[in-house]
Amino acid sequence: MPTLPLTALSEDERLLFDSVLEFAGREIAPCVREMDEQARFPKDLLAKLFELGVMGIEVPEELGGSGGSFVHAVLAVEALARIDASVAVLVDVQNTLVINAITRWGGDDLKRRFLQKLTGGAVGAYALSEAGSGSDAFALQTRATEAGDAFSLTGRKLWITNANEADVFIVFATVNPDAGYRGITAFMVERGSPGFSVGKKEDKLGIRASSTCELLFEECSVPRANVLGEVGKGYKVAIETLNEGRIGIGAQMLGIAQAALDHAVRYTKERKQFGKAVAEFQGVQFELARAATDVEAARLLVYNAARLRDAGRPFVTEAAMCKLHASEVAERVASMAVNLFGGYGFVKDYPVEKLYRDAKIGQIYEGTTNLQLQTIAKALLA
Ligand SMILES: Cc1cc2nc3c(=O)[nH]c(=O)nc-3n(C[C@H](O)[C@H](O)[C@H](O)COP(=O)(O)OP(=O)(O)OC[C@H]3O[C@@H](n4cnc5c(N)ncnc54)[C@H](O)[C@@H]3O)c2cc1C
């Protein structure tokens, strides 16, 4: 049997990656600058993502999905992030957080109702964080009070990705603040539910076309049938989904890093100073070589974590490592690309300043760098 590199893709994986990259080059690349400047996600692009089949990658075909694997989802996120990290995170949240959580924790009724909706044109969002609870997510304050065959939700969520576009929200609230994390429960909430509204949209450094908003709940009634998993087990839903979700963030950062490296190679081969291409200077070559090694290492970590997850093997430490490393690599390689573009790297007419801004979020959301280090250290010292 021939020995393949760990980064080798199967035929269907290659086909998916290439077709998503081709789509991104054709449909997204022309509007990237406008989307960034206007901090807006075009509606028609959303429709095209559904047509492409990347909004329900792991959902079975009978429920309208593509019947793919987690690796497929990760590859789609990476390919999209090569062109635009905002589009990548919209697809990432839809697949690796929202659909993943419903698939794993939802009963037949929730799966039928929500997976069909999510593959049929509805965007999903995942609402855990609050103003006072980020890294310490289970200190959340949003309250769910039992009221007959429903729960009444009151509180506020902050930083919710996709909130502007979403119709379906997974919302974490506590049914009993005295029970600590054991009170946390996950609810499926639909846009338009009385007492629920989407609030202020954040004006961000990077991934500007991705909406990040506050959510407000004022005695919002949610049917008991919309509890995802069990009452009091929301902490498990959150932990287990985020463990997988951060592989998607690793893929997003890998896409950014690869794009920055590609731009840097192309530009330094063209740009002439002192009578020759700057790529001919050994100082520049060594920077590019180091960046290429960083990107390869990030790809190995991301693909390894995704494949472990698909194989049903333990992957939590590997997922933390892949997100930790890929997000640092994305920032480092994008920064190098800005440097190698010289003054042109600092202006918006060239693509690399945006990659640098977009890379920064990788060290913050779905668990900051320190929280990934905590996970890795815990496994190391156990
Ligand atoms: C653009 C964007 C999109 C987001 N999307 C979503 C979303 O869709 N859904 C959602 O629920 N949330 C989302 N978030 C929230 C995100 O997950 C949190 O911002 C993140 O978890 C960090 O929480 P925090 O901002 O409260 O920072 P804090 O937890 O206050 O952390 C501040 C600093 O303290 C450090 N720190 C905290 N605790 C420790 C510790 N124990 N040891 C060492 N260092 C520590 C952190 O590493 C960080 O550097 C998003 C955030 C942003 C900016």
Side-chain angles (χ1 to χ4, degrees), residues 35-36 39 41 77 81 84-101 123-142 153 155-174 184-187 189 198-217 228 234-235 237-246 248-250 252-253 256 320 323-324 327-328 330-331 354 357-378 381:
M35 285 165 64
D36 181 56
F41 202 102
V77 171
D84 187 74
S86 292
V87 181
V89 74
L90 179 129
V91 169
D92 177 61
V93 168
Q94 175 91 354
N95 285 285
T96 74
L97 292 183
V98 178
I99 286 176
N100 200 0
V123 173
Y126 186 88
L128 177 64
S129 304
E130 299 181 0
S133 58
S135 301
D136 187 11
F138 298 151
L140 61 83
Q141 299 282 309
T142 298
L153 267 57
R156 284 167 176 238
K157 293 288 170 184
L158 199 62
W159 313 118
I160 306 311
T161 299
N162 293 354
N164 241 8
E165 295 78 21
D167 282 312
V168 172
F169 297 76
I170 298 180
V171 179
F172 294 86
T174 177
I184 293 169
T185 305
F187 296 91
V189 181
V198 176
K200 179 178 162 264
K201 179 169 163 249
E202 303 297 337
D203 187 5
K204 307 196 295 294
L205 170 74
I207 56 163
R208 289 176 50 75
S210 159
S211 65
T212 312
C213 309
E214 190 180 18
L215 306 182
L216 295 95
F217 300 90
L228 179 60
Y235 71 96
V237 178
I239 290 174
E240 294 192 11
T241 321
L242 286 167
N243 280 338
E244 301 184 341
R246 56 185 59 123
I249 301 304
Q252 182 201 28
M253 292 297 123
I256 292 175
K323 194 222 177 223
L324 168 78
S327 60
E328 290 182 352
E331 186 186 4
K354 176 176 175 292
R357 287 187 285 111
D358 285 352
K360 195 66 219 177
I361 190 61
Q363 293 172 55
I364 299 171
Y365 59 14
E366 295 202 28
T368 64
T369 283
N370 277 358
L371 271 284
Q372 307 311 319
L373 290 167
Q374 204 179 70
T375 300
I376 298 162
K378 197 171 152 196
L381 302 171

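By convention here, the first residue in the shown sequence is residue 1. Whatever order the structure lists them in is the order used to number ligands and atoms, beginning at 1.
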Looking only at the aromatic ring of each residue, does the gap between the centers of F169 and F187 stay below 6.0 angstrom? no

Counting each atom of ligand 1 from 1 as listed, which ones have a heavy atom of T161 under 4.0 Å away? 3 (C), 4 (C), 5 (N), 6 (C), 7 (C), 8 (O)

Roughly how far apart are T212 OG1 and N162 CG, rounded to 0.5 Å? 8.5 Å

Is a salt bridge present between R156 and E214, judged by a nitrogen-to-oxygen distance below 4.0 Å? yes

My question is simple, although I want it checked carefully: is atom 26 (O) of ligand 1 less than 4.0 angstrom from any protein heavy atom? yes

Relative to atom 53 (C) of ligand 1, which among L205, V171, I361, V93 owns the nearest non-hydrogen atom? I361

Looking only at protein heavy atoms, which one is nearest to atom 15 (C) of ligand 1, and how far off is it? S129 OG, 3.2 Å

for atom 17 (O) of ligand 1, nearest protein heavy atom and its distance come out as E366 N, 3.6 Å

Under 4.0 angstrom from atom 49 (O) of ligand 1, is there any protein heavy atom? no

Between the CZ atom in F41 and the OG atom in S211, the distance rounded to the nearest 0.5 Å is 9.0 Å

Does K157 approach ligand 1 within less than 4.0 angstrom via side chain, backbone, both or neither, non-hydrogen atoms only? neither

What about Y126: any of its N or O atoms under 3.5 Å from an N or O on ligand 1? yes

Does an N or O from D136, backbone or side chain, lie closer than 3.5 Å to an N or O of ligand 1? no

May I ask whether atom 6 (C) of ligand 1 is less than 4.0 Å from at least one protein heavy atom? yes

Using a strict threshold of under 4.0 Å (side-chain N to carboxylate O), is an ion pair present between E366 and R246? no

Please determine if E202 and K200 form a salt bridge, counting it only when a charged side-chain N lies under 4.0 Å from a carboxylate O. yes

Return a yes/no value for L128: is any of its N or O atoms, backbone included, closer than 3.5 angstrom to an N or O of ligand 1? yes

Would you check whether Y365 has a nitrogen or oxygen atom less than 3.5 angstrom from a nitrogen or oxygen atom of ligand 1? no

Work out which heavy atom in S210 is nearest to a heavy atom in V89; give both atom names and the distance. OG-CG1, 3.5 Å

Pair D36 + R357: basic N to acidic O under 4.0 Å: yes

Short N/O distance, under 3.5 Å, between S135 and ligand 1? yes

